[in-house]
Amino acid sequence: MNRLVILLFLGLFLAACSPTDKELKRAEKLMPTNPDSALLVLKQLQSNKHMSSSSRALYALLMSQALDKNNIRAESDSLIRIATKYYSDDEPLRAAYAQLYLARCENNLGNSREQALALLKAQEFAAKCEDPKLQGLIYGDKADMYQSQGQTDSMILYNRLCFYSFQKANDARNSVLALITMGNGYLHKSEFDSAIRFYHEADKMSKPMKESVLSSTIYRALGGAMFKQQKYTEALDYFRQTPLTETDRYNYNKWYLMAMTFLRMNQLDSAKVYLCKVKNPYEMASDYYRLWEELCEKQGKLSESLYYAKRLVDVKDSIQQRTLASSFAGMEKKYKYEHLLVDNKNLVIENKQNGIVLLFSLLILSVIIIIFLVWRFKANKNKLLIQKQIIDQRNSLIAAERENNSLMNQQMQMQHLLLKNVEQYRKRVIKGVDISGAETENSKNNVQTNAFHEELISHVDLIHSNISKRLSECYPILTQRDILVCCLILADFDSGMISTILDVKPDSVNVHRGRLRKKLELQNPESLQNFLRSF
């Protein structure tokens with residue numbers, strides 16, 4: 001009879017242990033050491049729609065845990081809420097973990113209020129069970145919230161509690177992470193000695209584990225502390241000691257930090273080498289492009305600097321800034337206050353709702369006013385810019401007109417002087433013919449012609465900065481007659497006037513101009529007069 005009862009109970013127990021429950025227990029055992037394998041096991045159970053409520057709750061908790069451990073972002077909190085609704089004071093350990101992963105899920109979704117409430121509930125359940133690792137995880141998440149709010153002292157305090165809890169649980173890896181985070185807090189407060197002390201302690205504790213990711217994080221943190229103190233040589237030593245990991249994200253951060261340090265030391269080529277090693281900047285994209293912009297600016301490559309400045313603007317525009325709806329400390333006080341005044345809960349909720357409506361209305365009104373002021377400011381700014389552009393254009397036109405008038409006056413004065421000299425030259429020639437014979441006449445005419453030509457050249461030199469001498473120096477092949485023709489062209493004489501002055505046919509002037517172009521090595525489209533003016 002006893003055997004029959006035992007066999008009956010054994011049969012019922014085996015019947016109760018369905019294949020689904022066995023797979024869930026298997027996934028739960030794999031979770032601490034092989035979360036990726038646990039995730040594969042759980043994915044095979046997704047098609048099973050005939051789970052009991054307890055199995056479904058455990059599945060929801062384990063799946064949320066597996067996604068978190070494998071760094072897979074949960075798109076919704078509906079899965080983990082199955083576990084939070086099922087687990088309560090009867091199973092405080094699983095209830096606490098359910099609330100913890102709900103808090104992380106809400107953090108991923110940007111719901112800071114729900115995250116704070118979930119962490120507070122997780123802390124209440126964790127107080128009912130002795131699990132120091134769970135306490136450490138909750139303290140760590142609370143420290144992260146305080147850090148996101150800029151409350152560094154509270155962040156350091158909860159990280160210290162987190163470290164003691166992990167030490168109690170003999171969790172060396174999480175203890176090292178807590179030390180690193182505490183060091184980051186002191187570094188943020190510019191207490192460099194304390195920060196470096198925690199980093200060295202973390203390095204000492206991580207040595208037996210031989211994890212490249214931990215070592216990389218510690219040495220990059222040590223290098224960052226030295227960089228902030230402007231000890232660039234020591235910073236480079238730590239960055240060089242940073243081991244390479246299988247994750248490109250850490251390696252690229254190392255190259256970026258080294259490039260930044262070399263840039264501060266004005267070793268631009270080395271900075272460029274390490275920046276080029278960063279194939280994907282990931283979350284440090286804005287700092288990465290800002291560093292490229294600074295490097296190109298120091299190298300004098302303004303076009304490339306502008307390109308990276310545009311990339312920086314694009315990256316900043318794509319980043320969505322999230323703000324916390326309320327501080328975690330305020331949420332904690334409110335949560336405790338509501339528990340102390342359970343009898344007046346309805347009144348408190350009503351007052352809170354009225355306050356929220358009023359604050360929301362004021363917020364909307366403030367946003368509208370700010371938008372209007374910004375729009376008004378931009379409109380006035382654009383108007384002033386347009387007016388300034390119009391004034392600048394008008395001033396530039398006036399200046400250009402004045403310059404053209406000045407050049408025209410100079411040109412007219414020069415032509416007037418040259419024409420006057422031409423008339424005097426003709427009178428002298430005629431007078432010379434009337435007085436002397438043929439031989440005497442030719443010699444006198446040559447002398448007068450040469451003097452006249454020199455006088456023409458000197459007039460042009462006065463206006464065009466001794467262009468005759470500069471042409472002779474740059475183009476020794478030019479004759480004195482070539483120089484004279486160049487000066488007449490600069491004086492804006494046409495071919496007919498030049499032929500009159502030189503006493504040659506107009507066709508000869510055109511031929512002479514063609515020879516001049518060859519001597520000056522001018523291309524066909526280029527104007528001879530423009531070349532001389534710009535010479």
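Quick caveat, the model's predicted, so the values are computed rather than measured.
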May I have all residue pairs that pass salt bridge (charged side-chain N to carboxylate O under 4.0 Å, His left out) and include part of residues 176-203, sequence neighbours excluded? Asp153-Lys189, Lys189-Glu191, Asp203-Lys207

Between side-chain atoms of residues 363-391 and protein atoms elsewhere (two or more places apart, or another chain), which donor-acceptor pairs fall under 3.5 Å?
{"unit_1": "Ser366", "atom_1": "OG", "unit_2": "Leu362", "atom_2": "O", "d": "2.8"}
{"unit_1": "Asn380", "atom_1": "ND2", "unit_2": "Arg376", "atom_2": "O", "d": "3.3"}
{"unit_1": "Asn382", "atom_1": "ND2", "unit_2": "Lys378", "atom_2": "O", "d": "3.1"}

Checking side chain to side chain contact (heavy atoms under 4.5 Å, CB included) for the pair Val460/Leu488: CA distance, chi angles, key distance, verdict? CA-CA 8 Å; Val460 176; Leu488 292 173; over 6 Å; no

Inspect the contact between Lys469 and Asp461 and indicate whether a charged nitrogen and a carboxylate oxygen are less than 4.0 angstrom apart. no

Got a sec, which residues hit salt bridge (Lys or Arg N to Asp or Glu O under 4.0 Å) with Asp248, two or more places apart in sequence or on another chain? none

Between Leu275 and Tyr256, the two heavy atoms sitting closest are CD2-CD1, 4.5 Å

How about NZ on Lys69, more than 12 heavy atoms from neighbouring residues, nucleotides or ligands closer than 6.0 Å, or not? yes

Can you give me the closest heavy-atom contact between Ser286 and Leu312, atom names plus distance? O-CD1, 3.0 Å

Heavy-atom pair of closest approach, residues Arg513 and Leu528: O-CD2, 4.4 Å

Going by the ring-ring contact (aromatic ring centres under 6.0 Å, His included) test, which pairs reach into residues 506-525, not counting sequence neighbours? none

Of all heavy-atom pairs linking Met205 and Ala172, the shortest is SD-O, 4.2 Å

Hey, could you give me the SG/CG distance between Cys296 and Leu291, rounded to the nearest 0.5 Å? 10.0 Å

Could you walk me through whether Ile196 and Met226 pass side chain to side chain contact (heavy atoms under 4.5 Å, CB included), step by step? CA-CA 9 Å; Ile196 292 170; Met226 294 298 175; 3.9 Å; yes

Using a 4.5 Å cut-off on heavy atoms from C-beta on, say whether the side chain of Phe227 contacts that of Leu257. no

Nearest heavy-atom pair of Cys162 and Ala178: which atoms, and what distance? SG-CB, 4.1 Å

Any side-chain heavy atom of Ile457 sitting closer than 4.5 Å to one from Gln480? yes

Just by distance, do the side chain of Asp494 and the backbone of Met497 share a donor-acceptor pair under 3.5 Å? yes

Going by heavy atoms in the side chains, are Ile498 and Ile489 under 4.5 Å from each other? yes

Should Asp314 and Tyr289 count as side-chain neighbours, where that means a heavy-atom distance under 4.5 Å? no

When rounded to the nearest 0.5 angstrom, what is the spacing between CG in Leu222 and CG in Leu187? 10.0 Å

Rounded to the nearest 0.5 Å, what separation is found between the CG atom of Leu179 and the CD1 atom of Ile218? 8.5 Å

pair Leu471-Asp482: side-chain heavy atoms closer than 4.5 Å: no

Got a sec, which pairs hit side chain to side chain donor-acceptor pair (under 3.5 Å) with one end in residues 266-282, sequence neighbours left out? Asn266-Lys298

With Lys204, which residues qualify under salt bridge (Lys or Arg N to Asp or Glu O under 4.0 Å), at least two apart? none

Considering all heavy atoms of both residues, which atom of Gly185 and which atom of Ile156 are nearest to each other, and what is their separation? C-CD1, 3.9 Å

Could you go step by step and tell me if Ile467 and Cys486 meet the side chain to side chain contact (heavy atoms under 4.5 Å, CB included) rule? CA-CA 9 Å; Ile467 189 170; Cys486 290; over 6 Å; no

How many angstroms lie between CD in Glu297 and CG in Leu306, if you round to the nearest 0.5 Å? 9.0 Å

Taking Ser216 for the side chain and Ser212 for the main chain, is one N or O donor matched with an acceptor at less than 3.5 Å? no

Test side chain to side chain contact (heavy atoms under 4.5 Å, CB included) applied to Val313 - qualifying residues, sequence neighbours left out: Asp317

Validation row: Phe192, Lys228 side chains within 4.5 angstrom (heavy atoms): yes

Return yes if some donor-acceptor pair links the side-chain N/O of Arg104 with the main-chain N/O of Gln65 below 3.5 Å, else return no. no

Just by distance, with hydrogens left out, do Asn184 and Thr181 show a side-chain donor and acceptor under 3.5 Å apart? no

Is a donor from one side chain sitting under 3.5 angstrom from an acceptor on the other, for Arg264 and Tyr232? no

Is the closest side-chain heavy-atom distance between Ser472 and Leu478 below 4.5 Å? no

Greater than 12 external heavy atoms within 6.0 Å of Ile477's CD1: no

Could you tell me the separation between the CD1 atom of Ile483 and the OH atom of Tyr475, rounded to the nearest 0.5 Å? 11.0 Å

Could you grab the distance from atom OH of Tyr308 to atom NZ of Lys301, nearest 0.5 Å is fine? 9.5 Å

Less than 4.0 angstrom from a charged side-chain N to a carboxylate O is my criterion; do Arg290 and Asp287 meet it? yes

Taking only residues two or more places apart in sequence, or in another chain, which ones meet Thr247 in a side chain to side chain contact (heavy atoms under 4.5 Å, CB included)? Thr245, Arg249, Tyr250

Not counting sequence neighbours, list each pair that qualifies as a side chain to side chain donor-acceptor pair (under 3.5 Å) and has a residue in residues 391-400. none

Pairwise side-chain contact, Tyr158 with Met145, heavy-atom cut-off 4.5 Å (strictly under): no

Output all residues satisfying ring-ring contact (aromatic ring centres under 6.0 Å, His included) with Phe198, sequence neighbours left out; order by chain, then residue number. Tyr186

Side chains of residues 234-242: which donor-acceptor partners sit under 3.5 Å, not counting sequence neighbours?
{"unit_1": "Gln241", "atom_1": "NE2", "unit_2": "Asp237", "atom_2": "O", "d": "3.4"}
{"unit_1": "Thr242", "atom_1": "OG1", "unit_2": "Tyr238", "atom_2": "O", "d": "3.0"}
{"unit_1": "Thr242", "atom_1": "OG1", "unit_2": "Phe239", "atom_2": "O", "d": "3.2"}

Side chain to side chain contact (heavy atoms under 4.5 Å, CB included) partners of Ile72, counting only residues at least two apart: Leu39, Leu67, Asn70

Determine, stepwise, if the pair Leu244 / Lys254 fulfils side chain to side chain contact (heavy atoms under 4.5 Å, CB included). CA-CA 9 Å; Leu244 296 177; Lys254 171 185 175 178; 4.1 Å; yes

